[in-house]
Amino acid sequence: MSVQRAILGMMALFVMMTLMPSPATAIEGNLLLEILLEKGIITKDDLTQIKAEEKKREAARAATHSRKTPQIEAGYGEETPAVAKTSEPSKKKDSGVKVGFGKKGFTLATRDGLFKTKIQWRFQGRYTYPERSDPRNASAFSDNEESTFELRRVRMKVGGHGYKPWIKYYFEVDWQPTNTSYSCCGDRTRLIDWRIMLEKYKWLKLRIGQWKINYSRERVDSSGKQTMVERSIMNRVFTIDRQVGMMLYGRVNPGTILDTNYYLGIYSGSGRATINDDDNMMYMGRIQWNVFGRELKWRQSDVKYHKKPTASISYGAYTVKGRCTRWSSSGCGQVSGFDRATTDGQYQVSGMQVGSAMKYRGWSWQHETHWKQIKDTEAAAGDPDQERNMFGGYLQTGYFPHYLISAVPKPLEIAFRYSHVDPNVDAGGDLRQEFTTGLNWFFAGHRNKLTLDASHLTLEQPNPNLPAWTEQRVRLQWDVSF
């Protein structure tokens, strides 16, 4: 009988240990032991031994559980020694900051995703011979040769979002390292871009601030994401450049045959870093049809190798009344012959452009045709400078020959551009033309590249019997962003 009781006791101990994982089963185990004791199957000594073993196993489980308890993450993404849980562990985790580096520079971001800042530095080192800029008149074509090294651009870019991922911001500082005027103050630091974007909906967005207005693709394309060393000769005449104002924009019907981007803006019309000098405003609109239902980014060269054809056709127009007849990164400027503003709103300036762009399997193309009209509202009737119509444009193509001939290095791109400017359609002998060929070597896409281009520049003479003035120019540039 004693042997039988011992066997039954061991079975009871096994049942007890099996039922112990949860509080509910522990209560059932105790009840079973009491029944076995009452029936005389186990003795009080057996019951005491079983409960002692139960306490040992419970202590071992508690010790194992405490070792597996995860540590609580403190602010700024640092791990700390194990501490007691707080009532708000999720908030402490969200308060951490992540630090990283990517294509747009260094990144600081909160772990909850509500705040992010990207900081990027960029510089352009350039050599030019024998002309630093585009010659525009006879004296520029016949002046002294120049052999120039310069830091053309040194920029700091800061962008990101705050409070919500769709509340975005961006500003850009130009350190302007080169003194181009041979005076004491030619070099200066300039805040050239600053803007806030509300982009909750793809079809309706709002931008407020100062930026390169979304009118001309060539101008909006960053100087660090171009195929050639610099923009074409037509840019100076036809760009409306940076303005202060606001714009509604968006994309509708994405992925369909009616995929379209639109831009509608109102601006001061007086250029960068200025306030309006009258109550006239600049009004601008641009519509862009994405032919294959895919949006083409504002950058040149098919560095990313578009496997599917991606193209756009655009139309844009603007009008403004003020003192300015042209614009640049320096602000308000004047076209030759329209530099005698005496009253506010003296010049009525209007413009239109049609353009196209495409990228496909290493090949890129873009073109724009521009028309611009200037009216002097104060000029006397019959004055030849009372009204002027201007016409110009460019076409540009580039290709990575590696995709045709595998022996050619993959980072190499070959490009060509033609541009022309007729500063007065009603007069002759003033047509300017540009023929440029270029080579690019991309070390890391547009973020690190070497560009060499050579240009043949011409200017017609007023006398059609005389040959045009000509100039050849070579430029070498290293552009780096980090």
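Keep in mind the model is a prediction, meaning the values are calculated, not measured.
Remark: Val354 pairs with Tyr315, Thr369 by the side-chain contact (heavy atoms from CB on, under 4.5 Å) rule, at least two apart or across chains. Residues meeting the side chain to side chain donor-acceptor pair (under 3.5 Å) test with Asp259, sequence neighbours left out: Arg251, Asn290. Applying the side-chain contact (heavy atoms from CB on, under 4.5 Å) rule to Ser133 yields no partners; only residues at least two apart in sequence or on another chain are considered. Qualifying side-chain contact (heavy atoms from CB on, under 4.5 Å) partners for Phe106, counting only residues two or more places apart in sequence or in other chains: Phe101. Residues satisfying the side-chain contact (heavy atoms from CB on, under 4.5 Å) criterion with Asn253, sequence neighbours excluded, are Thr256, Leu258.
For residues 225-260, the pairs satisfying ring-ring contact (aromatic ring centres under 6.0 Å, His included) are Phe238-His370, with sequence neighbours left out. Within the structure, disulfide (SG to SG under 2.5 Å) pairs that include any residue of residues 372-458 do not occur (at least two apart or interchain). Pairs passing the disulfide (SG to SG under 2.5 Å) check and including a residue from residues 359-426, sequence neighbours excluded, do not occur. For residues 255-284, the set of pairs meeting the disulfide (SG to SG under 2.5 Å) definition, not counting sequence neighbours, is empty. Every pair passing disulfide (SG to SG under 2.5 Å) that includes a residue from residues 303-395 is listed here, sequence neighbours excluded: Cys324-Cys332.
Between the CD atom of Gln243 and the CH2 atom of Trp211 there is a distance of 9.5 Å, given to the nearest 0.5 Å.
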Name each donor-acceptor pair under 3.5 Å that joins a side chain in residues 267-274 to protein atoms two or more places apart or in another chain, with its distance.
| from | atom 1 | to | atom 2 | distance (Å) |
| --- | --- | --- | --- | --- |
| Ser268 | OG | Ser270 | OG | 3.3 |
| Ser270 | OG | Thr274 | OG1 | 2.9 |
| Ser270 | OG | Ile275 | O | 3.4 |
| Arg272 | NE | Ser329 | O | 2.6 |
| Thr274 | OG1 | Ser270 | O | 2.9 |
| Thr274 | OG1 | Gly271 | O | 3.2 |

What donor-acceptor contacts under 3.5 angstrom involve side-chain atoms of residues 474-482, with partners at least two apart or in another chain?
| from | atom 1 | to | atom 2 | distance (Å) |
| --- | --- | --- | --- | --- |
| Arg475 | NE | Asp453 | OD1 | 3.1 |
| Arg475 | NH2 | Asp453 | OD2 | 3.0 |
| Gln477 | OE1 | Arg126 | NE | 2.7 |
| Gln477 | OE1 | Arg126 | NH2 | 2.8 |
| Trp478 | NE1 | Asn448 | OD1 | 2.8 |
| Asp479 | OD1 | Arg122 | NE | 3.4 |
| Asp479 | OD2 | Arg122 | NH2 | 3.3 |
| Asp479 | OD2 | Gln124 | NE2 | 2.8 |

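Remark: aromatic rings of Tyr318 and Tyr215 are close, center separation under 6.0 Å. Two rings, from Tyr305 and Phe400, have their centers 6.0 Å or more apart.
For the salt bridge (charged side-chain N to carboxylate O under 4.0 Å, His left out) test with Asp241, the passing option among Arg326, Lys212, Arg219 is Arg219; the others fail.
No more than 12 heavy atoms of other residues, nucleotides or ligands sit less than 6.0 Å from atom NZ of Lys116.
One side chain, Ser216 or Glu368, offers a donor N or O that lies under 3.5 Å from an acceptor on the other.
Residues Ser330 and Arg190 meet the side-chain proximity criterion, which asks for heavy atoms closer than 4.5 Å.
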